[in-house]
There are 2 protein chains.
Amino acid sequence: MAPTEKITINDIARRTGLSKGTVDRVLHNRGEVSKKSYAKVMEVIQELGYEPNVYASLLAKGGSQLVAVLIPSHEPGSFWELAASGIEKAAEGPGTLGIRIELFEYDQYDIDSFRDACSRVLEARPAGVVVAPLFQEETLAFTGKLKGQGIPYVFIDSKPESDDSNLAYFGMPLYKSGYLCADQLTAGQENVTNVLMVRVRRDRLQQSDPTINRRAGFMDYMLEHSPECTLGNLFITPNDPNGTYFKLDSWFQEHPDVKHVVMFNSRIHLIVPWLEDHPDPERRVVGFDNLAANLDALRRGTVTSLIAQHPDEQVRLAVETLAEYILLKKLPPRKDNFMHMDILTRYNVEYY
Amino acid sequence: MAPTEKITINDIARRTGLSKGTVDRVLHNRGEVSKKSYAKVMEVIQELGYEPNVYASLLAKGGSQLVAVLIPSHEPGSFWELAASGIEKAAEGPGTLGIRIELFEYDQYDIDSFRDACSRVLEARPAGVVVAPLFQEETLAFTGKLKGQGIPYVFIDSKPESDDSNLAYFGMPLYKSGYLCADQLTAGQENVTNVLMVRVRRDRLQQSDPTINRRAGFMDYMLEHSPECTLGNLFITPNDPNGTYFKLDSWFQEHPDVKHVVMFNSRIHLIVPWLEDHPDPERRVVGFDNLAANLDALRRGTVTSLIAQHPDEQVRLAVETLAEYILLKKLPPRKDNFMHMDILTRYNVEYY
DNA sequence: ATAATTTCCGTTACCGTGCACGGAATTCGA
DNA sequence: TCGAATTCCGTGCACGGTAACGGAAATTAT
């Protein structure tokens with residue numbers, strides 16, 4: 001960057017009349033330096049604009065550090081599988097500065113498995129942690145421990161309200177995404193009259209539920225643009241294709257005038273079989289996240305558009321942020337990073 | 001990646017009974033090695049799965065290499081300003097492995113300035129080049145020289161048909177983007193009847209014009225979905241706000257039934273003043289690229305949606321690809337990288 | 001056969017930092 | 001005042017790879 005020749009720790013040493021050992025001690029302020037020497041070194045560092053050589057540092061440190069990624073287990077075709085795939089992308093690129101990444105999974109419906117995963121992470125003594133905080137209380141207990149041990153951590157996907165000592169957060173602006181979703185569903189037209197919201201019943205409590213905020217954004221948009229629109233609710237359960245199909249059948253029998261359908265989580269693919277058995281060229285269908293099954297439905301035209309947040313990118317960015325902090329103690333430019341909401345349609349899905 | 005302890009060049013040397021000097025010579029095949037030794041070293045490298053330590057290598061090499069970026073001059077608010085901003089993003093991140101990046105600009109309407117820029121690039125003796133090839137013939141002459149000198153190069157934005165020795169290409173699928181554009185303009189509805197295409201007259205020849213392919217994709221979509229739609233053409237000239245305004249005025253006077261407006265280049269902002277003086281809630285307006293002026297119009301609702309290709313990302317990826325190739329001789333996974341076409345609306349423009 | 005090349009290879013001094021070790025200088029206690 | 005405990009600091013090796021240098025071995029010329 002600076003056109004001046006690169007100045008090294010030795011230059012600082014010579015300039016201050018001290019040795020590089022001492023300079024190194026003040027650079028990593030690990031004590032054993034007199035106030036006078038410390039001040040002198042700092043002064044010269046400022047003056048010459050010293051910037052450490054990353055590569056020499058990484059080389060000398062040798063043994064690579066560990067970053068733990070703590071996310072729900074990634075069943076095939078699930079949202080979290082996408083996130084897990086970001087780990088590999090992160091690992092191969094040069095952005096992680098040769099850091100080691102390890103995946104720790106937990107069952108998103110079992111709080112004990114989360115606790116267990118947390119303690120496994122702590123045992124691994126990571127230099128940094130990426131966590132998807134589905135269980136609010138437990139997450140805070142966990143990050144409290146991390147903070148106590150001076151281990152930096154980054155949230156992805158969502159973020160507990162009350163935690164403010166995280167290094168960063170990468171996620172989607174949920175409320176806004178609901179707003180955008182409504183705009184997509186209605187194609188920007190006013191006075192839409194009927195919409196069905198298909199929802200997945202959550203029996204477990206104490207989880208943070210991103211769909212709440214999304215639904216809020218969605219409903220506010222509808223209130224503004226189509227005030228007299230009736231919003232139907234239909235609850236389905238996962239892993240029950242027949243039940244889902246049947247529920248849709250009977251619901252639409254009762255509400256034959258309803259056209260557009262929306263879901264606020266990543267499982268729009270669950271209702272695709274019914275939709276494809278009952279085609280309607282005027283129906284618009286909007287869902288979230290770029291799961292393979294969702295993309296397929298998009299390509300076939302069953303789903304009109306998807307709003308994607310690319311969890312793999314979130315993981316990659318989270319890991320790189322931690323790597324730069326751990327290795328170069330470089331703070332991220334922003335703490336809260338709201339990621340771009342990608343609108344996917346059948347016409348741009350091939351290139352994303 | 002491999003759980004095995006990392007093996008170094010010294011391990012190879014010990015295992016082969018040779019010295020690390022020799023191993024280094026075969027690694028960079030710079031000769032002065034007997035066939036027998038060469039084979040032996042290669043064998044052991046395979047066997048142990050040796051992977052060089054990037055950081056040690058970079059440290060030892062010392063002086064950083066140069067990548068030249070050759071793009072049209074970036075007037076404020078222009079498309080190429082976005083591209084130029086990608087250089088800084090690339091420079092600061094760790095992805096470029098400490099490589100030096102230098103910008104070489106040319107006047108996109110002056111072929112001589114392009115020639116001049118090319119020779120300036122060659123004088124700088126770069127280790128790699130990023131080119132935006134607006135002038136087809138001249139670009140081929142230039143890349144021919146690069147090839148002769150063994151300098152790798154990457155295309156962004158567009159790519160000459162006949163060049164196949166480039167390292168990679170990053171750009172938007174132009175035809176498809178026109179298709180997508182049409183879908184956005186019509187909101188997916190069939191039998192739209194009237195559309196105006198505002199175009200910028202190109203007086204210079206021999207330039208590659210991305211809008212041709214876009215328009216083709218657009219018209220094919222319209223032919224499929226709204227066969228009897230009439231497509232109006234209106235030609236404007238840049239840097240002539242009054243003339244543009246006047247032309248729009250008289251055109252719409254003659255065609256009062258036309259609602260939707262589209263432009264295939266990045267200059268949709270040129271017609272925004274007229275549009276805002278003649279508001280129409282049913283009108284849809286679609287353009288390309290995330291210029292600041294376009295984004296503003298999007299926020300105000302004057303422009304319905306923009307299709308963005310993020311030229312800064314193209315530059316960043318191009319530079320990182322070159323860096324990995326130059327420093328680690330790692331080939332990119334794909335040569336032709338069609339980038340995601342981002343659909344921007346007023347509801348997702350804040351977070352991109 | 002000996003000298004002159006050429007081919008091939010080992011040695012060695014870096015690159016810039018990190019960090020352990022030991023010693024000098026200072027302060028403290030008696 | 002003298003030894004002991006601190007405090008502070010310099011030295012030197014290690015990290016893994018690069019490349020110049022010079023010399024031994026093999027080849028060619030005379």
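In what follows, chains carry the letters A, B, and so on, assigned in the order in which the sequence lines appear, proteins first and then strands, with residues in each chain numbered from 1.
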Can you sort out the partners of [X] under salt bridge (Lys or Arg N to Asp or Glu O under 4.0 Å), two or more places apart, ordered by chain and number?
X	answer
A:Arg120	A:Asp116
B:Lys335	none
B:Glu313	B:Arg316

Pairs under 3.5 angstrom only: tabulate donor-acceptor contacts from the side chains of residues 141-148 of chain B to other protein residues two or more places apart or in another chain.
| unit_1 | atom_1 | unit_2 | atom_2 | d |
| --- | --- | --- | --- | --- |
| B:Thr143 | OG1 | B:Thr139 | O | 3.1 |
| B:Thr143 | OG1 | B:Leu140 | O | 3.1 |
| B:Thr143 | OG1 | B:Asp163 | OD2 | 3.2 |

| note | Applying side-chain contact (heavy atoms from CB on, under 4.5 Å) to A:Tyr325 and not counting sequence neighbours gives A:Pro152, A:Leu167, A:Leu331
| field | Axis bend over the full length of the helix from C:dA1-D:dT30 to C:dA30-D:dT1, computed from five pairs that close each end, to 10 degrees | value | 50°
| said: Test: salt bridge (charged side-chain N to carboxylate O under 4.0 Å, His left out). Region: residues 38-66 of chain B. Which pairs qualify, not counting sequence neighbours? | reply: B:Arg15-B:Glu47
| A:Ser34 side chain N/O closer than 4.0 Å to the phosphate oxygens (OP1, OP2) of D:dT7? | no
| said: Can you measure B:Lys35 atom NZ to D:dA26 atom C1' for me and round it to whole angstrom units? | reply: 16 Å
| query | How many Å lie between CD1 on B:Ile12 and C1' on C:dC9, as a whole number? | reply | 17 Å
| message | Strictly by ring pair (Phe, Tyr, Trp, His ring centres under 6.0 Å), give each pair with a member in residues 26-54 of chain B just once, sequence neighbours left out. | response | none
| remark: With B for base contact, S for sugar-phosphate-only contact and - for none (protein heavy atoms under 4.0 Å), nucleotides 10-21 of chain D reads BBBB-BBBBB--
| Taking it one step at a time, do A:Tyr169 and A:Asn337 satisfy side-chain contact (heavy atoms from CB on, under 4.5 Å)? | CA-CA 6 Å; A:Tyr169 159 65; A:Asn337 298 274; 5.9 Å; no
